[in-house]
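Note that the coordinates shown come from a computational prediction; the quantities given were computed from them, not determined experimentally. Hydrogens, waters and symmetry mates play no part in the numbers below; they use all other heavy atoms, side chains included.
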Amino acid sequence: GMTWMKMPLFCWGIYATALMNGGQTETLFRYDLAARKILDTISADPKHDFGGLLRDPNDFRPVGYMRITTAPVFTYFDPAWKRAYEAASAAVRGGPTNAIVSASADVSKIIVRNSGPKNPAVYYLVDVAARTATEIGREYPDVKPSDLGEMVVYNYAASDGTQIPGFLTYPAGGART
């Protein structure tokens, strides 16, 4: 069976999430309200939580979705946004996470927030066609990666056996005791 959880957005069709597989998998669907049926499954991953829809900041239509692992994972189903994300991934290196935080109306220029456990967030202006990035700002300009401790993921089992990721951050330059 299916347990409906929420309806996160009503525009250009409807997107809904439901718990599937006995409540173990939060699944993203495209749903037809008039026909009262699921049109297609967009995302179903039993190992990673659904983090929400990604929307075009200019008109708020859905362009992708996010899943939560040890870091956010962004997937774009809109072709222009998918190209923009691929351009950002090619042009911006540093932390493991590139999040598009703003875009021109035609998605030819985007602003990307790049971050990670050893990388304070850096913002870049990305030219999608040229696949180039120019740094435009930092969240913590005085913090260097060497100032940050190492983060380690430890998985542990809940009482029902479900694996839960835990995060341990060691002090910068500190001993692992």
Which heavy atom of N98 sits nearest a heavy atom of A88, and at what distance? ND2-O, 3.8 Å
Nearest 0.5 angstrom please: R131 CZ to S89 OG, how far? 8.5 Å
Tell me if the NZ atom of K118 is crowded by more than 12 foreign heavy atoms within 6.0 Å. yes
Applying side-chain contact (heavy atoms from CB on, under 4.5 Å), run through F29 and L39 and close with a yes or a no. CA-CA 7 Å; F29 299 100; L39 298 175; over 6 Å; no
Approximate separation, where rounding is to 0.5 Å, of K109 NZ and T134 OG1: 10.0 Å
What distance separates N119 CG from K144 NZ, expressed to the nearest 0.5 Å? 14.0 Å
Show your working on salt bridge (Lys or Arg N to Asp or Glu O under 4.0 Å) between R30 and D40 and close with a plain yes or no. CA-CA 6 Å; R30 204 163 49 84; D40 53 5; 3.4 Å; yes
Note: S108 and D106 closest approach over all heavy atoms is OG-OD1, 2.8 Å
Given E139 and R113, is the salt bridge (Lys or Arg N to Asp or Glu O under 4.0 Å) satisfied, shown in steps? CA-CA 9 Å; E139 279 186 18; R113 180 184 186 270; 2.7 Å; yes
For the backbone of L28 and the side chain of S43, can you confirm whether one donor and one acceptor N or O come within less than 3.5 Å of each other? no
The reported gap from OH in Y31 to NZ in K37 (rounded to nearest 0.5 angstrom) is 10.5 Å
pair I136-I111: side-chain heavy atoms closer than 4.5 Å: yes
Got Y170 and V152 here, is their nearest side-chain heavy-atom distance under 4.5 Å? yes
Salt bridge present between D56 and R61 (N-O < 4.0 angstrom): yes
Ignoring hydrogens, what is the shortest heavy-atom contact between D147 and A172? Give both atom names and the distance. O-CB, 3.3 Å
Does V63 share a hydrophobic cluster with V73, counting links as ILVMFWY side-chain heavy atoms below 4.5 Å and allowing steps through other members? no
Joint cluster assignment, V112 & V122, ILVMFWY side-chain distance < 4.5 Å: yes
With heavy-atom distances below 4.5 Å as the criterion, would you say the side chains of F74 and L54 are in contact? yes
Classify the ring geometry of W81 against Y76: parallel below 30°, tilted from 30° to 60°, perpendicular beyond 60°. parallel
Taking the side chain as everything from C-beta on, heavy atoms only, tell me whether I42 gets closer than 4.5 Å to Y65. yes
Of all heavy-atom pairs between N58 and A103, which one has the smallest distance, and what is that distance? ND2-O, 3.4 Å
Flag, side chain of R55 to backbone of G64, donor-acceptor distance under 3.5 Å: no
For a quick test of reading the model, state the closest non-hydrogen atom pair linking R93 to A90 and the distance between them. NH2-O, 3.6 Å
Using the side-chain hydrogen bond (donor to acceptor under 3.5 Å, both in side chains) rule, take T75 and R67 through it: C-alpha gap first, then chi angles, then the decisive distance, then the call. CA-CA 8 Å; T75 302; R67 286 253 173 221; over 6 Å; no
Y140, OH atom: more than 12 neighbouring heavy atoms under 6.0 Å: no
Go through the steps to decide whether V143 and L148 satisfy the test side-chain contact (heavy atoms from CB on, under 4.5 Å), and finish with yes or no. CA-CA 8 Å; V143 177; L148 301 174; 3.9 Å; yes
Please determine whether residues I100 and V92 belong to a single hydrophobic cluster, defined as Ile, Leu, Val, Met, Phe, Trp and Tyr linked transitively by side-chain heavy-atom distances below 4.5 Å. yes
Which atom pair, heavy atoms only, marks the closest approach of A84 to I110? O-CD1, 3.5 Å
